[in-house]
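Here is the structure we will look at, set down as structure tokens.
Each chain gets a letter, A, B and so on, in the order its sequence line appears, and its residues count up from 1.
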Number of protein chains: 2
Amino acid sequence: MSALATRVFRGQERVEAPDPADRGLAYGDGLFETLRVCGNTLPWWPRHAARLARGAAVLDLPMPDRDWLQDQLAELLVQAPGQGVLKLMLTRGVGGRGYAPPARPEPSLILSLHALPADPGPLRLRWCRTRVSLQPALAGIKHLNRLDQVLARGEWRDGDIHEGLMLDAAGHLACATSANVFAFIDGRWLTPSLAAGGIAGLARDWVLANEPGAGTTALTPAMIGSAQALFLCNAVRGILPVGQLDELHWPPHPGTERLRRALDRELTVA
Amino acid sequence: MSALATRVFRGQERVEAPDPADRGLAYGDGLFETLRVCGNTLPWWPRHAARLARGAAVLDLPMPDRDWLQDQLAELLVQAPGQGVLKLMLTRGVGGRGYAPPARPEPSLILSLHALPADPGPLRLRWCRTRVSLQPALAGIKHLNRLDQVLARGEWRDGDIHEGLMLDAAGHLACATSANVFAFIDGRWLTPSLAAGGIAGLARDWVLANEPGAGTTALTPAMIGSAQALFLCNAVRGILPVGQLDELHWPPHPGTERLRRALDRELTVA
């Protein structure tokens, strides 16, 4: 699905296209956010801005000026469909050959608008062979080094399969390729801690903060197999109930449906 | 150090700049090679082309047509300095939002020419805190997910320090940020196996193939501390003797010097 509109900036200057020497391209030296657009607004902008700032601190990347960025977003959102997706990429900008970060980087920013994907209904999942990299230095942040997910998502072409679950290096559940995972076990919604790697999603944070008893733990594939319900979640599509994982099937679960509706209200409040 | 000349291609079409939706930028979904240029030629082109093809097989990325690519390289090398560096980036090209690789990708290719860095003499090294990601699915190939190295290289700004050594997830030596490492221990040159992560460099391959007794093993920091000599190597700069690692000092070693001269002859045969 190609973008409805795209804007590229070097520092605060609008440019035609990324520079071939951009460190985002050379090294994946940057961050991204994918936001739900609703009625020309970004209901979760403060949460995304806060996570972007956390990632920028880890990578020692200067954040764009807050007011300037808000202005650019507002200008682009005029073109947004009623419900859509905004992707934001922030890189360390142009650099010479070699890994040493420039002393005074001028970050690049790429903003693009996309249509909201259709609601797929209860998801059909599979297990991926590709595991999430073990890299505690980058755990939790939404950086541009995403070959783990690309390899995992490349494991199937069957259009009937919506998503794949990935294990971490220790063989515990980590995440789906583009969402976090919760399993309902013994009356509680549980999700992996992600201390070793993977993205700590904002929808995941929301569930942990808003669902009584929700928590993090190490989840083995066997525990997933015996879970009473499963859902995926991310900040664009909210809660996505899982209907099937390989040979396992789950009927709709009232707790999933309740959370789905509550998060949908959050994501679509203009 | 900025490029002396750059060419960007989408498929076989020359274009002005990378597309903002290039998957190399979005996900680091691609590969690179850094080659020594000598007298308008690439002495190790067949080795680099073979490694690029191995990486492309891992990522399921189509390789550019061999003859077409050779023609593009030859055209660019007309502008090359007598001794220089050519960087080649190959990405999966433009894609929509989402990790699923396009069914028929049209790869992007970026070629750039750079000056050869000056010979720094015996290197001064430090240990890095950032470790190499544990990701066996990507081990050995030269892909564009290089945040491990960016973080490690960002740990110091002291211009007197040339390079940093990185450990793997298990706490064994993996590599320097942009080179492989050999240590002379009990009469043999030894280098890490890199089964868990890191780039298997072509200069490393050359040493393993050409130096009697050279081999791979797990190297602890203590073993490095008691090594009789240490060198780094890569396909651009050849063998780089190490003079210092934090508080440790090594005098020049005749074995290093012999290997350095032999590899230099290889890299500068036009």
Donor-acceptor contact below 3.5 Å, side chain B:Gln135 vs main chain A:Arg131: yes
Relative to chain B, which segment of [X] carries a heavy atom at a distance below 4.5 Å: side chain, backbone, both, or neither?
X        : value
A:Asp29  : both
A:Val150 : both
A:Ile110 : side chain
A:Ser178 : both
A:Arg129 : neither

Between [X] and [Y], what is the shortest heavy-atom contact and its length?
X        : Y        : value
A:Pro102 : B:Arg157 : O-NH2, 4.5 Å
B:Asn145 : A:Leu147 : OD1-N, 2.8 Å
B:Lys87  : A:Ala26  : NZ-CB, 3.9 Å
B:Ala17  : A:Pro18  : CB-O, 3.7 Å
A:Leu25  : B:Met89  : O-SD, 4.0 Å

Counting heavy-atom pairs under 4.5 Å with chain B, which one of [options] comes out on top?
options                               : value
A:Ala169, A:Gly98, A:Ser133, A:Ser112 : A:Ser133
A:Gly30, A:Gly24, A:Ala100, A:Pro136  : A:Ala100
A:Thr6, A:Val85, A:Leu59              : A:Val85
A:Thr91, A:Thr130, A:Asp22, A:Thr177  : A:Thr177
A:Pro20, A:Pro101, A:Ala137           : A:Pro20
A:Val8, A:Val132, A:Leu151            : A:Leu151

Top contributor to chain A interface from B:Tyr27, B:Trp156, B:Tyr99 [non-hydrogen pairs under 4.5 Å]: B:Tyr99
Residues which pass side-chain contact (heavy atoms from CB on, under 4.5 Å) with B:Ala21, listed by chain and number, not counting sequence neighbours: B:Asp19, B:Val94
Segment of B:Leu138 engaging chain A (4.5 angstrom heavy-atom cut-off): side chain
